[in-house]
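Structure first, commentary second.
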Protein chains: 4
Amino acid sequence: MDITAVGGYKAVGRNMTGVSIGNDTVALDNGLRLDMLQMYDADISDIKKVNVEQLIKLDVIPEYERLRNVRAQIISHGHLDHIGALPFTRPRVPIISTPYPIEIGRREYREGDFFAVEYNEHFSVSKRIKVEFIPVTHSIPETSLVLLRTSEGNVVYACDYKLDDHSALGKTDYGRLRKVGHEGVKLLIVESTRVKEAGKTSSENVVRSKLQDVLNFIDDGLIVATTFSSHIERIQMILDEVEKTGRKPVILGHSMLNHTELAERFDYLDMPPDARVYGTPKAIKYALNEVKRNREDYFVLATGHQAEPESVLIRMLEGQFNFRFQKRDSVLFCANVIPVPLNIAQRTVLESKLQSKGVRIFKDIHVSGHASKEDHRRLLELLKPGHIIPCHGTIEQRSAWVALASEEGYELNKNTHLINNGQTIKI
Amino acid sequence: MDITAVGGYKAVGRNMTGVSIGNDTVALDNGLRLDMLQMYDADISDIKKVNVEQLIKLDVIPEYERLRNVRAQIISHGHLDHIGALPFTRPRVPIISTPYPIEIGRREYREGDFFAVEYNEHFSVSKRIKVEFIPVTHSIPETSLVLLRTSEGNVVYACDYKLDDHSALGKTDYGRLRKVGHEGVKLLIVESTRVKEAGKTSSENVVRSKLQDVLNFIDDGLIVATTFSSHIERIQMILDEVEKTGRKPVILGHSMLNHTELAERFDYLDMPPDARVYGTPKAIKYALNEVKRNREDYFVLATGHQAEPESVLIRMLEGQFNFRFQKRDSVLFCANVIPVPLNIAQRTVLESKLQSKGVRIFKDIHVSGHASKEDHRRLLELLKPGHIIPCHGTIEQRSAWVALASEEGYELNKNTHLINNGQTIKI
Amino acid sequence: MDITAVGGYKAVGRNMTGVSIGNDTVALDNGLRLDMLQMYDADISDIKKVNVEQLIKLDVIPEYERLRNVRAQIISHGHLDHIGALPFTRPRVPIISTPYPIEIGRREYREGDFFAVEYNEHFSVSKRIKVEFIPVTHSIPETSLVLLRTSEGNVVYACDYKLDDHSALGKTDYGRLRKVGHEGVKLLIVESTRVKEAGKTSSENVVRSKLQDVLNFIDDGLIVATTFSSHIERIQMILDEVEKTGRKPVILGHSMLNHTELAERFDYLDMPPDARVYGTPKAIKYALNEVKRNREDYFVLATGHQAEPESVLIRMLEGQFNFRFQKRDSVLFCANVIPVPLNIAQRTVLESKLQSKGVRIFKDIHVSGHASKEDHRRLLELLKPGHIIPCHGTIEQRSAWVALASEEGYELNKNTHLINNGQTIKI
Amino acid sequence: MDITAVGGYKAVGRNMTGVSIGNDTVALDNGLRLDMLQMYDADISDIKKVNVEQLIKLDVIPEYERLRNVRAQIISHGHLDHIGALPFTRPRVPIISTPYPIEIGRREYREGDFFAVEYNEHFSVSKRIKVEFIPVTHSIPETSLVLLRTSEGNVVYACDYKLDDHSALGKTDYGRLRKVGHEGVKLLIVESTRVKEAGKTSSENVVRSKLQDVLNFIDDGLIVATTFSSHIERIQMILDEVEKTGRKPVILGHSMLNHTELAERFDYLDMPPDARVYGTPKAIKYALNEVKRNREDYFVLATGHQAEPESVLIRMLEGQFNFRFQKRDSVLFCANVIPVPLNIAQRTVLESKLQSKGVRIFKDIHVSGHASKEDHRRLLELLKPGHIIPCHGTIEQRSAWVALASEEGYELNKNTHLINNGQTIKI
C-alpha cells in the first residue's frame, strides 16, 4: 500500500492524501489553503483566468497531478480546506462523499461527477477498494471518518474531527468505530492541528453556557454576533438562545444565506419562524434600515468573524448600508481568530474601531472543532491501528502526534510516520 | 473625606484602604500578599516569632499603623488577601463583616473583637459612619460590596466581585445597588485585577458544562481533581456532577476539611451522603489505601491546584501515602495557574511528572471570580459614583480602570484617581 | 505654570504638550500618529482635501486648537510623530528648532514661519519664556532636549532621546545638563516609550558589530538592506561597513533620496564616492538593471523596513522594476518591527515570501533610539527636577515612569503626574 | 552503517549517539540533562549512592548500555550535557577527545581511560574507524566537529557549534571542512537547538560592544557580573574590558576557580595581574570584606547566572558572607535565562529582589553559542553530506532542520532522518 502526501503535510490547509493499492489510487480531500490566497492577493473569482501552476507553486492548492491512476476523489466534509480546490484541480473521476458535502461540492465545481453515499452504505471504487463513511462530530454537518476497505487492509482517514458527545447535530458512531477496530485497521491517517493541546476539546455545550450568560447580561442596544457560516450547529444554537431573549434574528451575508438555505433543505437547521436571512447588499441595507430604528428588538448574525474586508460586519462598521454602530451596542465573536498574522491584524483593527465607538465586545464564545490530545488518544484506543500517519499540520504539529503515539507504545519510522508534501511511503 | 491607600495599590494582594471622616477612620480589609511570602520563604507558621516590620517591608502585609484613629476594621470577604493579615496587624478595634467571613477571621486571629452583621442590617461605627454589606457574587460565600454611609456621602468598596447571574450560591442584590445609586454614591473604590479583559467574566455555569463534558468522557482509571478549598460553590458543583457518574467522592487535605466543615455548618454546602473528607496525613493514607484498590469507583478532590509543595496532590505524586499514579488515571485542574513565576514553574513540573506517568491531564475547568470590563461598566451604571479610586492592582492594572472610566465620561485626577500605597487623597 | 496634555498622553505618537506661564503658551512638538493613519486608511496625500476635524477624532493629529495664547511652536527633532502634523494644525506663530529639523519642517509645511536656533544660543518667546536647545543622542540628527527658562522656573522637555556615548553623530551635552540641574529644574516632561526596559539602551556601536559580523559572513548573491530613511547615523555606518566589503552601494527610494540629500547638505552624512541614490521608479528600474547582472558587486539600501506596500523592497519582491530575488540573495533588516498588528502582519508576509524564494534573512541588526530605565534614571540624577510628567506613551507605559520615579524618592500626584490628552495641570 | 539515537533525540541535553560499522561501535558524547536533575531534586553529589537505573528513567543520563560492542567513547567538548554522565555510565573503553575536554572529563570520572588527541592528528578506534577532531567555535575552549573516517564513508558529528569568525579564542578550520566536503561526507549528525532562528548567531564581538557600553555608563557603586564558568572566551573579554575601567577584578565561586585554573594552565586564559579568584566560602567572605568597603574600586565576577540556590550571587543577595547589596550597585547578566520554568522563576525572583534593594540591572549582555539557520546552511555548503540526522533537540526542534534541509534539496526519510531515543537507523 502506497501513501502519498500531496497537500497538508507542510502546513495547515489544502488537504490531499493519495492511497494506492496496486494500480488503483483514491484521492482523499481536495482543499484550498486560504491564508496563502490572502497573502498573495491571488484572485480566484474568475476561475477561467486562474493560473493553476501558480496556485500550486504558492501552496494554495494541492498538486493533484502528482497522483497516478486515480479512480475516485473522496471528500471527508464540506470545509474549503478539504473541498475548495475541486474547481482548480478538476478531477475527472467520481467524486464521492455523503449527500451534504456533495451538495457543497457541486456548487463549487459544477462539471464534477458527484456520487452521494449514505451512512451505513458503501461504494466500490475498484475491486480492491471500497469506501464507507462513518459519522463523527466536527463544525459542519455530515463530517465523516473515511474507511477504506482495501485488499491490503483497512485504512481510516480522520481529518477533521472532534469527539463531542453533547452535540445537538450528529453523533460519532462509536459502535462502528469499535467494530472496525476489532476487524483490524492497518493505517490511521489523522489530523494534527490541535494534538498538542492537553485534555479534550470542549463540547458545543460550553458555547451554549457562555452565550446564555452573555445574552442574559446585555439589556439594551443592538446585538450583533458573528460566526462561521458553515457551522450550522452553532447557528442553530445561537438562534435557539436568541429566541429566549425575545429579539428577532436577522441573518446577513451572502455566505450565511447559502449555508443556511442548504442546511434547511437537509433538515440540519430549523429556522425560527421570525428569522430572516438577507444576502445581497440591497437586501441587507433594507433589513438594517428597520433594525437600526428598533435596536433593542433585534439580533443580527453577520459574516465577518475574521474581519474579512468584504464581510457584512466590516461594511456595517464602515458606515455602508446607511448603518452606524452606537454606544451600548454589543458585538459577540462566536469564533476564534485564525492565528495567522493578517487575521490577527484585521481583527485587532476591527476591535479597536468598535471600541472607539463605545461598542461592547464579547469574545471567545467559541470552542474548537478539532480534536485535542485526549480525543486522539481515544480514537487510538477505538481503532488500534497498525500504523499512524499524522496529516494536516506543520511538521512541528505532526511531531506532537509522534509524541502522543509514543506514549501509547508506537515508534517513529516503525509504525508512526512523518512524510512531507510530495513524498510517498509504502506501508 | 480622606482616602488612604495602605495595601494593594502597588501590586495584587495585601489589601487595605482607609476611609476617614474627620477623626473617624475605618480600615477596609486586612490581607496578605501570598506570593511575597513564598518568594522570600517567610515562615509565618509560628506567629509569635514573626517580625512584623519585616513582613511590611517585604510587602507581605499592609502597614496598618499608617492609619490614625481607626474605629473599625471591616472585612469584605474571607479570602486571605483580604483577611489574612489580621494575626499580624492585630487591630484592637471591632472587626466587622457578615457571619461567614467573621468565622474565618476568628480562626486566624483568636483574640479579635469580631462583630457579625447580617445582610439588610447595618452597623454604626461612629456618629459619622454606618456600614452595610450588600451581597455580590465571587468565589467564596458571603462576599459583599461594602457600603459606608457617612456624613460626607456614600462610599462603596467593591473588592472583589463578579456579576454571575447563574450562580448557585448567592446572588448580587441589584435592587439594593440601584437604590444606593439613586441615593447618590460619592466614591467607588473598586478592584482592578481583570478590568483589562474584554466582555464579562463567564458564569460558573460554564465550568459546569466543561466538567460534565470531561466527566462523561473519562471511562476508566482514578479521577483526581483539584480546586480552591474556599471555593464552596465550585466544590458543590463538582460533588453534584460526580454524583451522576456513580463514583464515590473522597475529599483530601487539611484546608479542604476546614473549609467544607465551615460551609456545611452555614448551609452553604450540601455534602452528598457518600462523600468523605480526610484532613490528616494518616487519614489520607487510610483513605487512599481503599481508593487505589478500586480506582474506577472513586473521585478524589484534593488540595494542590498551584502545585504547592505541601499539598495532597504533590504528595500523592511523590509516592507518599503509599499511593502511586497509574497510566489511565486522570487529573482535572479546576483552577487557573496564578500567573507568578514560581507558580508557573511548580505547575509545569507537576504536569510534566504526571504526563511521564501516563496520567491524562484536563486543564482550565475554571472561570475567574473577578469582574471583567463589562461587569465593571455595569457597576458604574448601577452606582453612578461621583469619584472612582481603582484598588487591588499594579498601577498598570489600575490604569486600565482609568481607560474604562474615561469611556464613561470620567476624567483622570478630576474624578478618577490613581494613588499608591502610603498616599492619602482628599475627595 | 499650567501644563496641557494635547497629544501623546494616551498612546504613542502625535506628540504635543502645552506650557503656559500667565498668558504666554508654547506648544512643544506637533506630530502625527502614523498607525492610526494606516488603520483608518486616511489619505493625507492631498492636504487641501484633508478633513482636520476627522484627523483629530481619529487620533491622527493633536488638537492644537485646545491651546490658547500660543506664542511659539517648538520642535524637538525631525521625526514625523513630533513634526508631521504641522501641515494640518498650521500654527501661525514662530516655529522654532535647530536648523536641521527646521529644514525638514519647511518641506512639510511651506507657509510656516520658521526660526532656526543654534545650540548654545537661545530664543526669547516672550518676556517670561526663553527657549534653548541642548544636544542629545537619538536616531535622527539634531535631536534636542528643550530647555524652557521661564519666570516660574526651568522646564526640560525630553522627548525623545537615548544616552549613546559611542554615537558617531552628535553628543549628549552632559556638562550643560549638569549645569541646568544645579541651577534648578522645576519640571521634567519626559518620554515613556521604553522606560519599562531594564538596563540602558545599547549604543549604535552594537549595531556596527552585528553588521560587520553579517557582512563578513555573506560571500555571494546580492545583499539588500533596509533601515529608517531618517536614521542618518545608521546609514553612514552601513555605508562605511559596506565600503570594506568592496561592494558598490546603491540607495533606492524617494524618502532615502530626500533624507540623504538633506543630511549631506548639513554635513551629517559623508557619502562614499561610488554610492548612488535613486528616487524615482524609472531611476530605480535603471539602477536595478545593472545590479541584477552583477549581484555580488552590489549592496542595495532600500526603503521597506516595515514592509510598507509602496516601499522599494516590497516592489522589488513583487517583481516590479524588472527585478527578481534569487536563491542566495540576502536581506538585512536594520530596523525592528514597530509592534502594531498591521506592521507585524505585513512584515511576516514579507519574510515568508522572501524565504519561499530562497533568500537568506538577517534580522534585528538594530538598537532602539529610545531611553531605557537606566538612561532615564541618569537623566533624573543630572537634572534633579522638582516635578516629573511622563509623556509619549499609554497610561501603562507612563505608569512605569511612576514606578521608576518612586524608586528615586518621588511620589505620585505630589511630584510625579499622570495626565491624559485634553487635561491641564498646574505645577 | 547503523546510527543509534541514545540521548538528546527527545529533548535538549544528555547527548549520546552511537555509530556502528560492523561490530565496531563508537559512542559520541555522554552527557547529563541538567533540568531533569533539578526537576526531580535528584541528588548526585554522592556518586556511590546514585541509582543509575533511576537516572536513566528520569531522562537525566543516556542509556549507555543500549550500545553493543563499543570500542571508544568520543567527547566533542567539555560541557556537562556532553561529558557529565561519564561518572554514571562509566564506560570501560578509551575515552577520546582533545586535551582540554579530556582534562575536564578526568575530574568528573577519575577511573576513566582517557586519550588526548591533538588537532591535525587522528586516532584509530579500530580497523574500520578513525577519528579526527576539527576545531570549531562554541562557548568553551577546544570544541570540535568530530570526523569519523570509516570503511563505509565519512561521518561528521557537529554537536555543538557556531560559526564565529571574530572569536578571540579558537577558529573554525574552514579549510579542513571544505577538504572533507570534497572527499565526501556520507552523514552529518548535527545539533538542532537554534536551527529555527533566522540569520546567523552573533559573534562574541557583539557582547564586547554591549559590555563596553554598559561599563562606560556605570559611574559608581559596585559592579557584579555573572556568566558561565566554562565560557573562558567570555571571561577573558570581561576581564579585558574591566581592566580599562581601572576596577580590580575579583572572581568568586568554586566553579569559577576550577575553570579559570584549568584554562590558565592551557593558556586559554590570560588573567590580568591584579585579578583574584576565590573558591571557598571562607575566602569569598574575606574577599567581599575588602570589596564592600571600596565598592567603586572593584568588579566582582560571580557564579549565579541562572540564580542557582547555591551560587555566590544568590548567597550575596541573601546576606551571607557579611555582604549587603546597596542602592547604586549594578548587576550585569552576561548570560541568557535557560528557558525552562524553574530557571525562569528563580531568575525572576532574583531580579525582583535586586530591584527592591535599588540595584541597577543590565541584562542580555550575551550571545548564544549555538548555530542559527544560516550557520547551519553554511555547514551544509561546506560538507555537502549525503545524509543528515538532526540531534540535540525535541522533535519539533529537529523538524526545523528538516525544513532547512528541504530548502537545500534534501528530502525527509530519504536523506534527512528523524529518529527518537532508543531507535537505530541504517544509512
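Only heavy atoms go into these numbers, but all of them, side chains included; no hydrogens, no water, no symmetry mates. Chain identifiers are assigned alphabetically (A, B, ...) following the order of the sequence lines, protein sequences preceding nucleic acid strands; residue numbering begins at 1 within each chain.
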Residues forming a ring-ring contact (aromatic ring centres under 6.0 Å, His included) with C/F321, sequence neighbours excluded
none
Do chain C and chain A have donor-acceptor pairs under 3.5 Å, and which are they?
| unit_1 | atom_1 | unit_2 | atom_2 | d |
| --- | --- | --- | --- | --- |
| C/M39 | O | A/K353 | NZ | 3.4 |
| C/K353 | NZ | A/M39 | O | 3.4 |

If you round to the nearest 0.5 Å, how far is CG of C/L342 from CD1 of A/I344?
12.0 Å
Contact summary for A/A345 and C/A345, nearest pair of heavy atoms
CB-CB, 3.7 Å
